[in-house]
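Below: one structure, written as C-alpha cells.
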2 protein chains.
Amino acid sequence: MDNGKVGDKRHLRSIMTRQKLLEAAKEIFLEEGFQAAVISQMIKKANIGYGTAYVHFKGKEDLLIVLMENVMDQFYEIAETSFFPKSKDEAERIINKQANAFLKMAEAERNMMQVFEQAIGISTVISDKWKAIRVKFIQRISKDVAYAQQNGLARAELNHELVARGWFFANEMYLWEIVRNEHQSSVEEIAKTITSVYVEGLYL
Amino acid sequence: MDNGKVGDKRHLRSIMTRQKLLEAAKEIFLEEGFQAAVISQMIKKANIGYGTAYVHFKGKEDLLIVLMENVMDQFYEIAETSFFPKSKDEAERIINKQANAFLKMAEAERNMMQVFEQAIGISTVISDKWKAIRVKFIQRISKDVAYAQQNGLARAELNHELVARGWFFANEMYLWEIVRNEHQSSVEEIAKTITSVYVEGLYL
DNA sequence: TTAACTTATTGACATCATGTCATATTCTTT
DNA sequence: AAAGAATATGACATGATGTCAATAAGTTAA
C-alpha cells in the first residue's frame with residue numbers, strides 16, 4: 001500500500017469515474033453525433049452507474065463543453081493575435097495567414113467540430129460558448145480595421161464594426177463548410193480568395 | 001373516384017382540421033420556439049384528437065415546413081433575380097438592392113424566421129430546405145460574378161464560385177443576426193457597407 | 001481498531017414527449 | 001338502410017431524461 005500522503009483515494013476514484021465517462025462520451029458523440037448521442041449509452045460504455053453521470057455532469061451539453069475546451073481555447077488563441085500592418089501588402093499577408101489558421105482548425109478538429117456544429121444548433125449553452133468566440137474574433141478584427149483606417153491604410157468611410165462582422169461571417173461559414181467536408185477547393189485557395197476580395201475591398 | 005362536386009363534406013372537414021392544426025402550430029411555435037414546441041400542445045389548442053395530427057403531418061418538422069413555404073418561396077424569388085451590369089457603379093447599385101431585399105426578409109418575417117433558425121439547427125429535413133435555398137443563391141451569384149469577369153468588369157483571377165460563396169455567407173450571417181435582433185445598425189447601413197467592400201474588392 | 005462521518009455511487013422511479021394502431025365516427029354510395 | 005370509404009381518436013408502447021433515497025466506499029478521530 002502506498003502511504004505517507006493524504007487519504008485521497010476516494011477523490012482519485014471520483015476523478016477516474018469522471019474520466020471514464022468523458023472518454024465514453026467522446027466515442028459516442030463521434031459515433032452518433034450530438035443529437036442522437038444518448039447519455040445512457042455513454043454510461044453503459046463507461047461502466048458506471050446511471051445516476052453517477054449526473055453527479056459529474058449536468059447532461060450531454062455539459063459533457064461536450066468539457067470535451068471541446070481545448071478546441072475552444074485554440075480558437076481564442078487565434079482570435080487574440082492582433083497585428084499592425086504598415087502597408088496593404090503586409091496586411092494581406094497577415095490576414096491571409098490568419099484566415100488560414102482559422103480555417104485549418106476545421107480540418108484539424110473536423111470530427112469533434114462536426115459534433116460541435118450540431119450541438120450549437122441544439123443547445124443554448126453551447127451556442128453561447130461559440131457566440132463568445134465569435135464576439136472575441138469580431139472585436140479583434142474591428143480593432144485591426146480601425147487601426148488600418150487611422151493609419152490611412154483602409155477606407156475610412158466604412159463602419160469598421162460592420163466590415164469586421166462581414167469578414168468574420170464569411171470565414172465562419174467557410175469553417176463549417178470545411179467541417180462538413182462540403183468544400184470543393186483547398187483551404188489555402190479559399191483563404192487566398194476571400195482574403196483577396198476583402199483586402200482589395202477595404203484597403204487603399 | 002372524386003367528382004369534386006357532390007359529397008365532399010368529409011374532405012372539407014379534413015381540410016378544416018388540417019388548417020386548425022396549422023394555425024395552432026404557428027401560435028405554439030411563436031410562443032415556444034421550435035425546440036420547446038410540443039405537438040400535444042398544438043393538438044390541444046387545435047381541439048382535435050391526438051392521433052389526428054399524425055394523419056395530416058409527420059411531426060413538428062413537417063408542420064413547420066408547411067408554415068414556412070411562402071417565406072421560402074420569397075427567398076427563391078429573390079435568389080432568381082439575375083442581372084447584367086454594364087459598369088461597376090451599376091453593379092454596386094443592383095447588388096446593394098439585392099442585399100437589401102435579402103436582409104429585409106429578416107425584418108419582415110422575423111418571428112417565424114426565429115423559429116426557422118432554431119429548426120435548421122435541430123432538424124435535418126428543415127436544414128436541407130435552407131441549404132437548397134443557399135445553393136440557389138450561390139449559383140445565381142456565381143453566374144453573376146462569372147458574367148462580370150467575362151465582361152472585363154471584375155477581377156478575372158478570382159475563383160467566381162469561391163467569391164460567390166463568401167459573399168452569400170456574409171449576407172446570410174447578417175440575415176440571422178437581424179432575425180435575432182442582434183444587429184446594431186440599420187439594414188440599409190449593413191447592406192451598404194458589405195456591398196461596398198464586396199464590389200470594391202471584386203470589380204475593377 | 002472501530003465508530004462516526006464524509007463523499008461518491010447507484011438504479012429504481014417519476015416524468016414527459018413521441019408515434020402507432022385498432023377502433024370508432026362520420027360521411028358517401030349503392 | 002346497408003355496405004363501404006375516408007377521417008378521427010385516444011390508449012398504449014417506447015424511449016430518453018433527471019432525481020433521489022439508499023448504499024457503498026473511504027477518511028478521521030478517539
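By convention in this document, chain letters (A, B, ...) are assigned in the order of the sequence lines, proteins followed by strands, and residues within each chain are numbered from 1.
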Open item on the list: I need the NZ-C1' distance between Lys20(A) and dT9(C), as an integer number of Å.
Closed with: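 Going from Lys20(A) (NZ) to dT9(C) (C1'), I get 11 Å.
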- [ ] Whole angstrom is fine here: how far is it from CD1 in Ile15(B) over to P in dA8(D)?
- [x]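 In whole Å, dA8(D) P lies 10 Å from Ile15(B) CD1.
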Open item on the list: Strictly below 4.0 Å, N to O, side chains only: are Lys104(A) and Glu188(A) in salt-bridge contact?
Closed with: yes
- [ ] Check DNA chain D against residues 22-49 of chain B and give the residues with a non-hydrogen atom under 4.0 Å, in numerical order.
- [x] Ile48(B), Gly49(B)
TODO: Check every atom of dT19(D), dA8(C), dC27(C) against the side chain of Arg13(A) and return the nucleotide holding the closest atom.
DONE: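 Of the options given, the side chain of Arg13(A) lies nearest dA8(C).
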Open item on the list: Counting only side-chain heavy atoms from C-beta out, which of dA5(D), dT27(D), dT9(C) sits nearest to Thr17(A)?
Closed with: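 So the nucleotide nearest the side chain must be dT9(C).
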Open item on the list: Near DNA chain C, counting only heavy atoms under 4.0 Å, which residues of residues 52-67 of chain A show up?
Closed with: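 Thr52(A), Val55(A), His56(A), in order of number.
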Open item on the list: With ring pair (Phe, Tyr, Trp, His ring centres under 6.0 Å) as the test, pick out the partner of Phe102(A) among Trp176(A), Tyr174(A), Trp167(A), Phe168(A).
Closed with: Phe168(A)
Open item on the list: Please confirm whether the ring centroid of Phe34(B) lies under 6.0 Å from the ring centroid of Phe116(B).
Closed with: no
TODO: Mind listing the closest non-hydrogen atom pair of Lys60(B) and Ile39(B) along with its distance?
DONE: N-CD1, 3.5 Å
Open item on the list: On a heavy-atom basis, which atom in Glu189(A) and which in Ser185(A) lie closest, and how many Å separate them?
Closed with: CG-CB, 3.8 Å
- [ ] Could you tell me whether a side-chain N or O of Arg134(A) sits under 3.5 Å from a main-chain N or O of Arg165(A), the two making a donor and an acceptor?
- [x]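 Between the backbone of Arg165(A) and the side chain of Arg134(A) there is no qualifying donor-acceptor contact (under 3.5 Å).
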